[in-house]
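Reviewing the structure listed below.
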2 protein chains.
Amino acid sequence: MHSNRIIIRDEQFDKDILRLNETLFCNANGYIGVRGTLEEGVPAPFNTMRGMYLGGVYEIIPMKQAESLCNLIEKKQTMLNVADTQTIYMSVEGEEFGLDKGTLLSDKRILNMEEGFTKREITWKNSRGNTVDISIKRMAHYSCPNLFTIEYSVEAVDFDGSITFDSRHIADVKNYSNPDDPRLAAESEAYLTVDRCEIKDGSSLTVSSTQVSKLSIASAVGHRLCIEQDGRIIEEDIPFALEKKEGTSVSAKAAVRLDKGDRVVLTKYTVFADSLRVDDPADTASSLLKELMTKELSGLYAAQKDILTKFWADAGMEIEGDDELELAMSFNMYQLFSSSPRADRMSMAAKGLSGEGYEGHYFWDTEMYALPFFILTDTRQAKKILSFRYETLKEAKENALLLGHRKGALYPWRTITGVECSGYFPSGTAAYHINGAISNAIVSYYLATGDEEYILREGEEILIETARLWLDAGNYDRSGKFVINEVTGPDEYTCMIDNNFYTNACAAHGMRWAVKLMRELAGRVEMAELKERLGVTDAELSEIEEASLKMYLPYDEELGISPQDDSFLQKPVWDLENTPKEEFPLLLHYHPLHLYRYQVCKQADTVLAHFLFPETADKETMEKSFRYYEKITTHDSSLSTCVFSMQASRLGLFDEAEKYFGDSAKLDLYNLHKNTGDGVHTANMGGAYMAIVYGFAGIRINEDGISIDPFVPHNLKGYSFSFIYRGRHIRLCVRDDLMTVQLIDGDGFEFTHRGAKCTLAEKGEKREWTLKQ
Amino acid sequence: MHSNRIIIRDEQFDKDILRLNETLFCNANGYIGVRGTLEEGVPAPFNTMRGMYLGGVYEIIPMKQAESLCNLIEKKQTMLNVADTQTIYMSVEGEEFGLDKGTLLSDKRILNMEEGFTKREITWKNSRGNTVDISIKRMAHYSCPNLFTIEYSVEAVDFDGSITFDSRHIADVKNYSNPDDPRLAAESEAYLTVDRCEIKDGSSLTVSSTQVSKLSIASAVGHRLCIEQDGRIIEEDIPFALEKKEGTSVSAKAAVRLDKGDRVVLTKYTVFADSLRVDDPADTASSLLKELMTKELSGLYAAQKDILTKFWADAGMEIEGDDELELAMSFNMYQLFSSSPRADRMSMAAKGLSGEGYEGHYFWDTEMYALPFFILTDTRQAKKILSFRYETLKEAKENALLLGHRKGALYPWRTITGVECSGYFPSGTAAYHINGAISNAIVSYYLATGDEEYILREGEEILIETARLWLDAGNYDRSGKFVINEVTGPDEYTCMIDNNFYTNACAAHGMRWAVKLMRELAGRVEMAELKERLGVTDAELSEIEEASLKMYLPYDEELGISPQDDSFLQKPVWDLENTPKEEFPLLLHYHPLHLYRYQVCKQADTVLAHFLFPETADKETMEKSFRYYEKITTHDSSLSTCVFSMQASRLGLFDEAEKYFGDSAKLDLYNLHKNTGDGVHTANMGGAYMAIVYGFAGIRINEDGISIDPFVPHNLKGYSFSFIYRGRHIRLCVRDDLMTVQLIDGDGFEFTHRGAKCTLAEKGEKREWTLKQ
């Protein structure tokens, strides 16, 4: 085990850093997400995004179109800020604590990724000179996703005197808004109506509901208070006075007198429950709170640590030669782990549970960029993510009908419930390739796990319905090629074009696998039943196969590259060299129609297709294409450089692989895009993981099995990580010219290295290979 | 002169017919438009669009985009409903008149297009059995565009008794709304704030202003009241009692006693003025009202008639063999005449001044469909329409910058002020061909009038700036062709495509003429000054010429047709035959992305290009194209069949010319689309005119002069019309196998008929040609 998984930072009372820290020190467990806002609040001018979120919990709000056209989306879902239970005011000898008051002697924030908590450690002196040591430890519990706890302790360092607490449970909250940033909601709205706010048996309960989505969300809050002397409890179960405020919040007040050196410890338990998951959220929250408050906090802390110990054993990654990178990668993996769903009817949002950016929506990023991490480290969470798409297959089929398709499923570009929320369809709904991201994810999961049961139960149905969509969306042109017109590829600087190479490659791949798996698993009774239930005929399978085989993949003879789409190469090349820096990202400075008229890419598109579907082009075409597209790609999206890095690794362009990997892994931890304050970039985190594992380490899993062909970038000494392949726990260590592969757990297996078959025959076996050319 | 220019209809107290009649019996004079709503109002459940409009007077309102993208339009202009001065309540022996009250003995509505008024003629009996003859004559005066009058007279038929009037001047008005129809505004808003409402010297004045556009609109209202016996005035200047209501309206009340057979005549004068045109609208309206009220109404009536007499002499059209068609054509021409601008800073709206459909916006329709009528009948009004584009050239240049162009002018797709109001740019702003409609209009006007002064003063500057836009929007592809990508052609069922044949043809034509006229008129000092002022170099002219010559016009070898765009023919053909009737217009039943993916056209696109720019294809290609596109065109737009008819005439497909002409001329007068209640379709009116004049009559004006090659459709006996060509007033009569051309006024001229030069040497000369094959 490695110990570089603890982040300690000075808070610095600066409004930008404060907002950044709200994201970095958030607590999330796959159901609850709590921004790392200060318990005591911030002065008014600070632009804080104070929020607590529940995965998959949403309201439906109007999204009027400037011009109404048939079947355009005019409603969207938005993630809700639920009851605020993180507010705690504390006073020392009657003086209220705050970073802008008294004297701040030290102020640290800690993220402990080994044990799964965040902590504030503060030494503060009030105006009379009374010094206190404050420690605030917060945890969103993986073992009990409904639970969030705050352990707030204060030691009287140099005085005998009073400490008072006023801990709040506030149901009357609003969503964050920022009218200046199109990526955030412009409207600040109170979406929740407070239905109940009650005090009972020493705890408080609030129940709020949404107007349109008709969801009900309950939060129950309880407190424990004790005084410790030299680490031993000397007084416990100190009572609180609970009082309702304005009918929508509860204040729990307590006062204690401390002798110098004594410590008062307030423990605040919050339990959330919602009507998406339980019938009676109020009852669930109340009874679960009661049950959990009988447990020792230490036991809950231990359970959290156990879960993370297993996680790091399965997934842990070390980087030699760049401690910052190592820490950043741990941070990324920890955030991915904490953001992945631990409740039904939710997936992983673009910002995880760490902020309201993109309104809590799920995009193709989840399957294409974040899922690969889980496929290799946490099969259960991978399947959980995939299941969301099965749960929302019905909505995807309805979406296809809205778009005029007679059959098949078209997944929404952005959603919480499975219903499309894209307001501008040319770079939203028209990005049909999300279907390909999902079918590719199913196949990748299957190849890495061999989980036939998943395919039979969920995967194949999605493969068939997305294949049907492609069949309906495309058509044979006069030369007999299967073409797909009027779609948008990953590059949003070119919209609604014909035969986007990436989309066509995705579609062909998904269609091929839909047919292949139905045929291969034809002997399974579940498959026969599925085929019957879906009304799939052999003729239809042949039709799908035929389209897949005749799929048009544009090729340009003159340049020897794969064109991004039919018309891409006849457009003028954008002069990136002479575009002023302040005009990036271009999308904030140029009308979309202008962008569409140039050869300029927001992000990897054809290069991603080449990486994912190497059968679509020969090596020379891929190399030329890589060189061509790198000149015209702005990487204005955080989904881009990781792909260029991976493909460079694949092509043996090691310098470029390093160059494109660059600092992308550090994006959030070091706030490189200056917007981590809105929430983490989960897709980029997954992308950085892929750039190392699929890129540097050259891991490749396909129908032929797994191959490992690593290299060590110049700026690193080496790296090692664990992963899971078909049930085996494997550890790969690459250092200087040596590759070490160890089978930690599971049956012996075979892999390919430099074209040769290599075997680790039994559990524990470790072998080395030299990487010298 | 022909007398079939009076329309008389029973009102029928039916809500659909009532709304239709509001449009058909509107009064408009090119500045004021007054819907033909009932003076006394209608019962609440009637969906009346009660409105009075002033050309070019607008408010700016928000138009939020569902997703904000760079430089998308988020504000729009909307035409305003201004003060209501048409409301007059009348009571007979204390019983208020209304169509739903008492007994309606007869009720006619009249539109007199020879004299330029509308009239209601009603015989009504109140519940006590007192019968009155009511006559209400309304006029929007061409000779004084600020003036609207109502002459309301009541005769006591069978009783001696009292008649009372309560005539209103209501400043507190709202715009009409209909949330169910995307073509109308969804928001019913009071855009005007009433600043003044005053009574002075027996008349009333209101001044209202807009919040955002900061316009001020004044209306002054005065009354005269007299009693007539046997046609002679027996009592005059009967006083009114004026009273303010709620600070925003004025009620003018008067009561008279009539002896049986006597008639009371109320004359109501309204004068409007607005701050777009005058510095002090209140003062202008008040003093103009005072001045006008000194004039006899009969003099104003005579002036109106004189103007129309000249108009019909210059433009009148007769149809032999279809009286309904003849009446409809007169109606169309009258509406065009009345809708065309008679104030600065306005053009002709899609619905003229007859209703709030399309929010009073001007589209390409004005230049492409309505203007040709004026070019051939009313040079002054033609130039007035053209001038709007010169007045708004600055805004068009700003629009080009918004779209990312470095130079040139891009006219807005829909506008009142010259600033773009299109909310959905793929079928709005992306329709760059509006630039072509405007350049083509300039050239057409020039060819028909020879007006070099106009070219030097306004036309050439627009030609240059639009040519510059094309140069910037397009680029040379690798084969050296000049291509224009990512635009939308006239057919809105295919958007943002490459090399729309129509757009490219437009662009080439506009560019060619920009260069040609600058070179041809190089000797004129004004042209040298213009060239200098615009910084046009000979190199730039050569660049424009080069692009024009190398313009790519797609041609399909296999089908022998001009493809609508680069990708059109690779899409599947929409199965129109098996599309249920209730699914038309398709745009109301299919998601745009779905429509874009098929070969299906909303309206003439390539066929229009072939008609306008015959140099773009040979006859065989045009014929094959015509046959190809007619199979896939739904004519869901009212701009379509007239084009198919014209082109069929041109190609000698006389049956098809008749078929496509069909009932389009009757669209509004007979409410064939069931939506004339929202306002007239000015573009279709102009289109029907073109289908006869350019189509049946085969008039063609190009660089070689004018040619006339008519035929008579099977269902007609013949037709005749007057038109103006290069200052000559000409009358063409086509009947059976005989064509008669008469030079009514002007110098002798030459025209081409069946390839041969024909001459009318002097004024008054009339010659005949046989049309037998």
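Proteins come first, then strands; the chains are lettered A, B, ... in the order of their sequence lines, and each starts at number 1.
- By number of non-hydrogen pairs under 4.5 angstrom with chain A, the leading residue of B:H594, B:E74, B:E558, B:H591 is B:H591.
- The closest donor-acceptor contact from the side chain of A:N475 to the backbone of B:Q570 lies under 3.5 Å.
- Checked by atom type and distance alone, the side chain of B:Q65 never pairs as donor or acceptor with a backbone atom of A:A66 at under 3.5 Å.
- Using non-hydrogen atoms only and a strict 4.5 Å limit, the part of residues 477-487 of chain A facing chain B consists of A:D477, A:R478, A:V483, A:N485, A:E486, A:V487.
- Considering only residues two or more places apart in sequence or on other chains, A:W364 meets the side chain to side chain donor-acceptor pair (under 3.5 Å) condition with none of them.
- Most heavy-atom pairs under 4.5 Å with chain A: of the set B:L593, B:L72, B:N71, this distinction falls to B:L593.
- Once rounded to the nearest 0.5 Å, the distance linking SG of A:C70 with CG of B:L595 reads 8.0 Å.
- Using a 4.5 Å cut-off between heavy atoms, A:Y552 does not touch chain B at all.
- Considering only residues two or more places apart in sequence or on other chains, A:S567 meets the side chain to side chain donor-acceptor pair (under 3.5 Å) condition with A:D565, B:D498.
- A:F425 has its side chain within reach of B:P592: a pair of non-hydrogen atoms, C-beta onward, lies under 4.5 Å apart.
- Along residues 404-413 of chain A, the residues that come nearer than 4.5 angstrom to chain B, judged on non-hydrogen atoms, are A:G404, A:H405, A:R406 in order of number.
- Rounding to the nearest 0.5 Å gives a distance of 4.5 Å between OG of B:S422 and CD of A:E67.
- For A:L403, the parts sitting under 4.5 Å from any heavy atom of chain B are the backbone and the side chain alike.
- With chain A as partner, the option from B:M496, B:K571, B:M63 having the largest number of non-hydrogen pairs under 4.5 angstrom is B:K571.
- Residue B:I497 touches chain A through its side chain alone, counting heavy-atom pairs closer than 4.5 Å.
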